[in-house]
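Down below is the structure, laid out as structure tokens.
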Amino acid sequence: MSDHREPEAGRGPGTPESADGWGWRRPELVMALVVLGLGVFVIAGTADVTAAGSALGLGPRFFPVLVGSALLLIGAFYVLDVVRGGHGDPEESEDVDSGARPDWKTVALLSVIFLAFAGLVDLLGWIIAGALLFFGLAVTLGAEHRLRAGAIAIVLSTLSYLAFVKGLGVTLPAGLLSGVI
């Protein structure tokens, strides 16, 4: 009789495993706990938000509570799945090159765009800073038609401003357009 054993599904040769058999579960359990923790963080962060609801009855707490609750639910099921022995399957997509090097230039550009948005939103206002954010992200991620990307960015930032300010009653900075909108 041979002592040859087949590796478990999702684990290949060289996969580290501790003596207690939890080697492959640790990263997944950490991720599951992070999702659960984010849910708790979001729910706790909305506890002290006090503002009147909109005409629709939705206030500024509605979406954070919805997202936080979803994170709690997903995190709890994820933790349960990992503890019961579940694990993710390895990526097998034909579009993915697992040997490709990370594109740090794109990561850096996206980071600069987000930081610029955070720094300029009070000065320029949500609509202008949001349009620059959406346009910058689209171009950095490969938008071929820049005029169309710019038009869509303006529409998205304007609609998101109106949805939050008029629909949900959330105050967003008007910036340079103060008095116009």
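- Val35 pairs in a side chain to side chain contact (heavy atoms under 4.5 Å, CB included) with only one of the listed residues (Val30, Ile74, Leu73, Leu72), which is Ile74.
- The two residues Ala131 and Ala153 come nearest to each other via the heavy atoms O-CB, 3.4 Å.
- No continuous path of hydrophobic side-chain contacts links Ile154 to Ile113 [ILVMFWY only; heavy atoms under 4.5 Å].
- In the hydrophobic clustering of ILVMFWY residues, with side-chain heavy atoms under 4.5 Å counting as a link, Ile152 and Phe135 come out apart.
- Note that CG of Leu29 is 10.0 Å distant from CG of Leu36, once rounded to the nearest 0.5 Å.
- Annotation for Trp126 and Ser160: closest pair NE1-OG, 3.0 Å, computed over non-hydrogen atoms.
- Residues Leu123 and Leu176 share a single hydrophobic cluster, defined by chaining ILVMFWY side chains whose heavy atoms lie under 4.5 Å apart.
- Hydrophobic clustering (side-chain heavy atoms under 4.5 Å, transitive across Ile, Leu, Val, Met, Phe, Trp, Tyr) groups Phe134 together with Phe114.
- Here CG of Leu133 is found 12.0 Å from CG of Leu124. Values are rounded to the nearest 0.5 Å.
- Judged by distance alone, the side chain of Thr140 and the main-chain N or O of Leu137 form no donor-acceptor pair under 3.5 Å.
- A donor-acceptor pair is defined here as one N or O able to donate and one able to accept, closer than 3.5 Å; such a pair exists between the side chain of Ser111 and the backbone of Val107.
- Here the closest heavy-atom approach between residue Ser69 and residue Ile43 is recorded as N-CD1, 3.7 Å.
- Considering Leu38, Val40, Val34 as possible partners of Leu71, the one that fulfils the side chain to side chain contact (heavy atoms under 4.5 Å, CB included) test is Leu38.
- Each of Leu162, Val155, Leu156 was scored for a side chain to side chain contact (heavy atoms under 4.5 Å, CB included) with Thr158, with one residue passing: Leu162.
- When side chains are defined from C-beta on, Thr106 counts as touching Leu141, because their heavy atoms get closer than 4.5 Å.
- When every heavy atom of Val121 is checked against every heavy atom of Ala129, the shortest pair comes out as CA-CB, 3.7 Å.
- The shortest non-hydrogen separation linking Phe117 to Gly130 is CE1-N, 3.7 Å.
- Under a hydrophobic-cluster definition in which Ile, Leu, Val, Met, Phe, Trp and Tyr are linked whenever side-chain heavy atoms come within less than 4.5 Å, directly or via other members, Val170 and Leu66 are assigned to the same cluster.
- Rounded to the nearest 0.5 angstrom, Leu120 CG and Leu115 CG are separated by 10.5 Å.
- Between the OH atom of Tyr161 and the CG atom of Leu177 there is a distance of 8.5 Å, given to the nearest 0.5 Å.
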